Number of protein chains: 2
Amino acid sequence: MDHRAFKDRIYEQLGRLGKSLASPKRLEMLDVLCQGPHTVESLAGATGQTLANASQHLKALRAARLVETEKQGLYVTCRLAGPEVGEFFLAFRRLAESRLAEIERITRLYLGSRDMLEGVDQATLLERVRSGEVLVLDVRPAQEYRSAHIPGALSVPLAELEQRLARLPRRRQIVAYCRGPYCVMSVEAVEILRRHGRKAARLEIGVPEWRQRGLPVARGPDPAPSPNPVEVP
Amino acid sequence: MDHRAFKDRIYEQLGRLGKSLASPKRLEMLDVLCQGPHTVESLAGATGQTLANASQHLKALRAARLVETEKQGLYVTCRLAGPEVGEFFLAFRRLAESRLAEIERITRLYLGSRDMLEGVDQATLLERVRSGEVLVLDVRPAQEYRSAHIPGALSVPLAELEQRLARLPRRRQIVAYCRGPYCVMSVEAVEILRRHGRKAARLEIGVPEWRQRGLPVARGPDPAPSPNPVEVP
DNA sequence: CGTATAATCAATAGAACACTTGATTATGGG
DNA sequence: CCCATAATCAAGTGTTCTATTGATTATACG
């Protein structure tokens with residue numbers, strides 16, 4: 001192997017990793033997988049694409065060793081290939097935020113029109129949760145809540161929010177969070193809550209960012225079960 | 001703007017950054033720019049492509065705000081758009097190394113056949129330089145040496161090595177370094193040195209990695225000028 | 001002013017990629 | 001044993017990307 005061939009082959013390998021990050025859909029899939037393991041089907045649903053397409057993207061992510069898959073019965077479970085992948089994804093997104101002004105522009109355009117810019121201070125949030133001053137809602141799908149959630153948070157998937165409104169407190173401050181800064185579920189949740197007279201705000205970060213800041217994370221099912229008790233499939 | 005449009009636009013932006021990292025040539029250009037500013041021409045030369053092609057890739061890197069360019073007279077100087085870009089590049093490469101076994105395989109195949117696997121311990125290298133036990137050679141182009149180099153290193157660009165051999169010590173251990181682990185200049189330098197009876201080894205890291213480990217870095221022209229004295233253009 | 005050089009632009013052809021669709025392969029349940 | 005479902009495979013199509021080539025712009029210098 002001569003000098004040039006070596007160089008070219010190395011950069012070709014680095015390019016493999018780069019190409020994995022070149023598709024918006026694949027990045028969205030990585031973002032979702034940062035929340036915890038998913039089946040191919042739920043991944044496809046969460047990212048708004050067909051099963052075949054998601055499977056194809058997964059193949060690429062697997063080839064770059066960013067994602068691992070494991071067959072369990074009829075389902076295939078996908079997960080990030082290691083904690084360093086999730087950390088890298090956050091670093092990647094942080095770089096994009098720092099370099100591309102468009103991202104902030106788009107976010108302002110979207111959130112600004114919804115009067116949702118006020119952030120919740122994460123440093124004091126935990127105390128307020130402990131003191132019962134605020135109620136934290138995790139509006140992601142129940143499975144992601146089980147993988148990891150903010151301690152003390154209540155799992156109320158967005159799809160169930162309307163029907164569970166009656167059992168939510170009327171006066172207490174409510175803080176909703178979802179997958180992260182670019183996930184819209186918490187935005188929709190806050191809109192619903194406010195429409196029904198609740199004092200609601202959005203936490204702009206999700207569990208991966210929460211964890212990376214060294215804050216504690218809880219696992220397992222919702223400690224306060226709903227009338228139809230949580231079933232572990 | 002509706003929820004889905006927002007999400008899609010955000011991931012589209014992240015994809016812009018990803019696409020910048022999808023081309024081996026662009027990655028190589030980033031690697032070279034980690035050494036310091038370059039003109040478009042020297043960048044094209046260092047990465048083995050035509051001027052027009054390099055200019056085209058630069059356009060993409062500029063669009064992603066990874067690289068800044070500045071016109072100075074007849075030349076255009078390119079540099080990384082900020083220190084976080086260089087740090088990210090190292091993180092990106094580190095992830096690729098940890099995920100893609102092929103990279104280590106290719107490196108072993110290349111270096112192994114040259115019996116060059118023995119590494120130099122960076123922790124003790126600096127002392128040995130101070131004590132005069134070893135001579136450190138920076139075999140990169142002089143301009144990169146001027147941007148930043150390992151303290152105490154002597155600038156001997158690979159192209160000039162053969163003609164400057166006579167003035168290099170015959171008994172002292174020599175350690176050569178270049179741009180980093182995948183740059184072949186130090187490998188070629190060690191081959192030349194050994195062919196002429198010197199005790200030579202390769203330092204597998206370059207200045208960016210050296211700096212990131214918190215080790216000191218020097219700037220400016222070679223303190224020991226050669227017969228044709230260094231001219232700062 | 002005209003020439004040489006650095007750099008960009010513009011047009012092109014070939015390769016790689018993304019999404020769709022329909023067929024195929026596993027696995028578990030009735 | 002057959003069917004329903006999750007997932008992958010395979011082929012087709014339109015798009016995007018990359019490298020090449022030749023023309024054009026901008027700047028310095030004699």
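Being a predicted model, the structure only gives us computed values, none of them experimental. In what follows, chains are A, B, ... by sequence order, proteins preceding strands, each numbered from 1.
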### Message
Between A:Glu12 and A:Lys19 (salt bridge meaning N to carboxylate O under 4.0 Å), is one present in this structure?
### Response
no
#### Entry: Option from B:Glu70, B:Glu68, B:Gln72 for which side chain to side chain donor-acceptor pair (under 3.5 Å) with B:Thr77 holds
B:Gln72
#### Entry: The single option from A:His149, A:Arg140, A:Arg179 passing side chain to side chain donor-acceptor pair (under 3.5 Å) against A:Gln35
A:Arg140
## Note on the structure
Residues in residues 38-51 of chain B with a heavy atom under 4.0 Å of DNA chain C, by number, are B:Thr39, B:Val40, B:Glu41, B:Leu51
### Task
Find the distance B:Lys19:NZ to C:dC17:C1' and express it as a whole number of Å.
9 Å
### Task
Could you check how far CG of A:Leu21 sits from C1' of C:dC17, rounded to whole Å?
15 Å
#### Entry: Gap between atoms CG and P, on B:Leu74 and C:dA6 respectively (whole Å)
6 Å
### Message
Does C:dT20 have OP1 or OP2 under 4.0 Å away from a side-chain N or O of A:Asn53?
### Response
yes
### Message
Side chains of A:Leu66 and A:Leu80, heavy atoms from C-beta outward: is any pair under 4.5 Å?
### Response
no
#### Entry: For atom CZ of A:Arg26 and atom P of C:dA16, their distance in whole Å
15 Å
### Message
Looking at A:Lys25 and A:Glu28, is any side-chain nitrogen of the basic one under 4.0 Å from a carboxylate oxygen of the acidic one?
### Response
yes
### Upstream residue (5' side of DNA chain C) when B:Ser55 and A:Ala22 are each assigned their closest nucleotide
B:Ser55
### Query
CD of A:Glu28 versus C1' of C:dA18: gap in Å, rounded?
15 Å
### Query
Using a cut-off of 4.0 Å on non-hydrogen atoms, how would the nucleic acid contact of A:Arg16 be classed: base, sugar-phosphate, or nothing?
nothing
#### Entry: Validation row: A:Ile150, A:Val217 side chains within 4.5 angstrom (heavy atoms)
no
### Message
Tell me the interatomic distance from A:Tyr75, atom OH, to C:dA26, atom C1', rounded to whole angstroms.
### Response
14 Å
### Query
In whole Å, what is the span from the OH atom of B:Tyr11 to the P atom of C:dA18?
17 Å
### Query
Hey, is A:Arg9 close enough to B:Glu102 for a salt bridge, meaning N to O under 4.0 Å?
no
### Message
Between A:Leu21 and B:Leu17, is there a side-chain heavy-atom distance shorter than 4.5 Å?
### Response
no
### Task
Using a cut-off of strictly less than 4.0 Å, decide whether A:His57 has a side-chain nitrogen or oxygen near OP1 or OP2 of C:dC19.
yes
### Query
Hey, does B:Ala54 reach any base, or is it just sugar-phosphate, or nothing, if we go heavy atoms under 4.0 Å?
nothing
### Message
Please identify the 5'-most and 3'-most nucleotides of DNA chain D with any atom under 4.0 angstrom from a heavy atom of chain B.
### Response
D:dC17 to D:dA28
### Task
Run the ring-centre check on B:Tyr110 versus B:Tyr182 and record whether the distance is less than 6.0 Å.
no
